[in-house]
Amino acid sequence: MNDFSEDDAFEAAVPLSQRARAGGVAARFGGNAAYLDGLNPAQRAAVEALDGPVLMLAGAGTGKTRALTARIAHLLHTGTARPNEILAVTFTNKAAREMKNRVGRLMGETVEGMPWLGTFHAICVKQLRRHAELVGLKSNFTILDTDDQLRLLKQLIVAGGIDEKRWPPRMLAGIIDGWKNKAYGPDKVPLAEAAAFDHKGVELYAAYQARLKDLNACDFGDLLLHMVTIFQTHEDILRQYQRWFRYILVDEYQDTNVAQYLWLRLLASAHKNICCVGDDDQSIYGWRGAEVGNILRFETDFPGATVVKLEQNYRSTPHILAAASGVIASNKGRLGKTLFTDAEDGEKVRLIGHWDGEEEARWIGEEIEALQRGTRGQDPVGLDNQAILVRASHQMRAFEDRFLTIGLPYRVIGGPRFYERLEIRDAMAYFRLAVSQEDDLAFERIVNTPKRGLGDKAVQTIQRAARTNGVSLVEGARIVVQGKLLGGKGLRELGVLVDGLDRWHAQVRQESDTHQELAEMILDESGYTGMWQNDKTPEAPGRLENLKELVKALDNFENLQGFLEHVALIMDNETEQDGEKVSIMTLHAAKGLEFPAVFLPGWEDGLFPSQRSMDESGLKGLEEERRLAYVGITRAEEICTISFAANRRVYGQWQSALPSRFIDELPEDHVEVLTPPGLYGGGYGAAGMSTNASPKLREESMSDLHQKAHDANVYNSPGWRRLQARGQTRGVSQPAEARNMTIDMTAVSAFTTGDRVFHTKFGYGEIKGIEGDKLSITFDKAGDKHVVAKFVVAADAASDVPF
DNA sequence: CGTACGCCGGTTTTT
DNA sequence: CCGGCGTACG
C-alpha cells in the first residue's frame, strides 16, 4: 500500500496557494517573528540554520526546548516547510506534548497540529499500519506490552522443553530487546552474539517472532525494527517518506539506539535536513541500548554539519554549575561544553555525611521543612519546589517511612505506571476481548480472573479445542462449552463467560451505549469489580479507585477501540496535582526536570556509583554513573544538597560504605561541608571499627550517636578525611522541637485506642495508643508504626468505595 | 483447583 | 528484610 493520498497526515494543512517561501507567509503569521525575541546568539544560530545537518549540543538548562520549538516556528513562519512536512521526534509522550503546546503558543494557534510530531514509537506505529503486510502483519496489529511479551516468551520456553531456570523469560526478553535495539532481526544476529547464548536465544527469538506474526501482534522494539527493515528493502517507500519529511528534528539524540539511528539516517539521507539536539553529558540510558556514539559521530555521518553549542545556562547558580562541571570533567571522550551563567553566586553545594540511612532521611525531612518555612533565613521554598533524587528506587523507602511518620506530604514520581497495574491490565484485557474475540492473550489473562474454577487443565482443554479447529481461544471455549468437554462448575462458568463476551462484543458493534457505560457494564457483569469489592487486602480500595479512574479516562476517546489504540503507546503517569508535595524520584526520572531545591542522598561507593554498573560495564559504566551525577546536580536551581550515610541496611543486613568517589571529584571551592547533627565540632578519625558494627540503637542520645559516629570507619575514610581537612563546618540542623511545630489535633481527636483504621500505604490496623498528633498503630500486614493522624481514616470509611 | 508455606533473589525505565 | 514464584498439600 504505497498510496498515501488519503492520509490526512499528508494532506496539505495549508492550501498550496498560500505556500510560499518568505514572502506570502508573513501575511499568514504577521510580519514579525516574535519567537526569535530573547534568544541568545547561539540559540538563534541553531534556529536559523534551517538547511543541511545541524547538531545542537545543548547543555543542561540552556534552553534546548526553547530553541527547538523556535526552530519549528521558524520553518513554518518562513514558509520553508508546512506543518505536515516536518518530522519531529521525541522519546516520551510528555516531551512531545510539551513541544506541541509550545509550538502552538509561538505560532499563536494559527498552525494546525503537526501530524508527525511525536515519539519514535508513535510515529513508527503510524507508518507501520500502512505497510504492515510487508512484514507479515495486518494493519490492525496489536501492540503487546511487557506483560504480554513475558507471558508469550514463557509459553515458548515451556513449549520448547527448556529449563526455565536457565532461561528466565525476563532474561530472554532482555536479550531480544537488546537485539531489536540494535536492529538485528532473528536472521541478522551476529554469530558471536548468537553463540554467546548457545544459539538457543536466537532460536527462541525466531520462534517468538513467528508467534507474534500468528497473533498479528508486535512488541515495542518491533515498531522500529520493522520500519527499518521496510525502508531497507523497499526503496520506493523510503523515497516517498524522504520526500514528505523535508525537515527532521530529533530531541535527546544522545538517547537514540541503533535502530532509531538507522531509521533517522535512512529518512535523512536524501536531503540531510536533520537537526539533532542532545547532550552527550546527559546520556544515561546506555544500559537499555542508547548509543552515545550516535551523537559523538554526528559530524562524520553528516559531513559539513553545523554544530552549535548552547552553553549559557538559565537554570542554576554558578556554584551548582561549577560543581556539576567539576564532576563531569573526569569523563573521557566528551564533546566538551563549558556552561556559564549570569546568575548571582547563591549558595555553595552543600555536603553532609550521616551515621545511617534513617538519620539521613530524618535530616532531609527536617531540612525540607526548614526550607519550606524559610527558617534558614531565606525565602521559603514550597514543597512543590523541592525534590529528592535517588539512584535506586529502593532508597525511596526510607524517605517514605520518615515522611509518613512526620506527616510531610510527598509524591513518588515514576512508580508503577497506571496502565501497568494489575487491575488496569485485567480490565483492559476484558475491553480488548469485547472489541476483538481474536485476542488470545487477553483471553488467557482473564479466563480465570475472577476465579471461575478454570485452572491449567481447563485452559489446556480450551487451547486444544482451539488448535485442532484452527480458531481463536474464544471460539475454542465455545466449542468446549457446546461439546461439554469440561466438568460441572468449570463448564457452567465458561459458558457464562462466553455468553458475556458475545454480548459485550455485540454491544461494542451496536454502539447502543456510551463506551463508559459499556466498560462499566463489562467490569460488573464479568464479576471483576465484585472480585475487588470482596477483597479485604489493603490494596483493594485503591484498585477499585483505579478502575473508576480508568472508566473516567475513556471520556477522552470516541470509542473503546480508539482508547485501546492509544493506551498501547501512552504509558504516561498523569500525576494528580493535589496540594504541595515534595517529589521523590530516581535520577533517571529526573532528567529534564528542575527544582529550586534538590537533595541527592546516598552518595556512597557501591550505591552511587552503583557496583553493578561498574562490574558489568567497567569504565563505561562508571562514566554513565558520573553523567547521572551530573544530571542530578544540574536539576538544582538554587540549593543542592548532597549526602551520604556511613551505614545502610541492605537486604536486612547492616553494611557500611565509603563516601562516593564522586564526592572527591566535587571542586572544593564550590562546596560547603555541613556538620551532621550530633557531630558539632566535627568528628575525628579514630581507629576503624569492624565493618559490621550494628548501629541499630536508634533512640540513643545525640552524644551517644556522636560517640558511635566517632568510631565508625567511614569517618576514617579518605573521602571523609578530605571533608575534615577542608574544615568548613557549620551547624545547620535544629532539633525539630526547637521549631514551632503546629500540631493538628483535630485529626487525632477523631480516634480512640482500639479503633480499626485504614492507611493508604500500610493497610488496615488497630490503634494501640495516641501520642500528641501521632497514632501508634499495629497494622495487620505492616506491623507497628507511628503515623500522623491525618493520614489514616476509620476502617469502615475505607471500605466504602463505590464503583 | 485453590491456598499455604518455603525459597531465591534483589539497578536504573520508555514505549 | 520483603515479595514473587513454585511446590506441596487440602
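In what follows, chains are A, B, ... by sequence order, proteins preceding strands, each numbered from 1.
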Tell me: [atom1] of [X] to [atom2] of [N], nearest whole Å?
X       : N       : atom1 : atom2 : result
Q149(A) : dT13(B) : CD    : P     : 18 Å
M171(A) : dT11(B) : CE    : P     : 17 Å
W287(A) : dT13(B) : CH2   : C1'   : 4 Å
R97(A)  : dT14(B) : CZ    : C1'   : 14 Å
E400(A) : dC2(C)  : CD    : P     : 14 Å
R452(A) : dG2(B)  : CZ    : P     : 11 Å
F91(A)  : dT12(B) : CZ    : P     : 20 Å
L491(A) : dC1(B)  : CG    : C1'   : 16 Å

**Study point:** Whether D439(A) side chain and R432(A) backbone form a donor-acceptor pair below 3.5 Å
**Key:** no
Review point. Planes under 30° and centres closer than 5.5 Å, is that true for Y651(A) with the base of dC1(C)?
Key: no
Which part of the nucleic acid, if any, lies within reach of [X] when heavy atoms closer than 4.0 Å are counted: base, sugar-phosphate only, or nothing?
X       : answer
D255(A) : nothing
K180(A) : nothing
A589(A) : nothing
S613(A) : base
L587(A) : nothing
E625(A) : base

Check your understanding: Of all the choices, dT3(B), dT15(B), dT13(B), which nucleotide is nearest to the side chain of K451(A) once you look at every atom?
Key -> dT3(B)
Exercise for review: Between dT11(B), dT15(B), dC1(B), spot the one nearest the side chain of T146(A), thanks.
Suggested key: dT15(B)
Taking 4.0 Å as the cut-off, does a side-chain nitrogen or oxygen of [X] come that near to OP1 or OP2 on [N]?
X       : N       : result
N181(A) : dT14(B) : no
K154(A) : dG6(C)  : yes
T586(A) : dT11(B) : no
T119(A) : dT14(B) : no

Review point. Nearest nucleotide by nearest heavy atom, which residue falls closer to the 5' end of DNA chain B, N448(A) or E616(A)?
Key: N448(A)
Check your understanding: Of G221(A) and R612(A), whose closest DNA chain B nucleotide lies nearer the 5' terminus?
Key -> R612(A)
Review point. Which of these, Y241(A), F141(A), F231(A), sits in a ring-ring contact (aromatic ring centres under 6.0 Å, His included) with H131(A)?
Key: Y241(A)
Revision key, fill the gap. Applying salt bridge (Lys or Arg N to Asp or Glu O under 4.0 Å) to E493(A) and not counting sequence neighbours gives none
Point to revise | Sub-6.0 Å ring centroid separation between F608(A) and F662(A) | key: yes
Check your understanding: Is there a donor and acceptor pair closer than 3.5 Å between the side chain of R391(A) and the base of dT11(B)?
Key -> no
Exercise for review: Go through the steps for E358(A) and R402(A) under the test salt bridge (charged side-chain N to carboxylate O under 4.0 Å, His left out), then give the verdict.
Suggested key: CA-CA 8 Å; E358(A) 290 170 43; R402(A) 180 66 192 158; over 6 Å; no
Review point. Under 30°, 30 to 60°, or over 60°: which ring-plane class applies to Y285(A) and H588(A), parallel, tilted or perpendicular?
Key: tilted
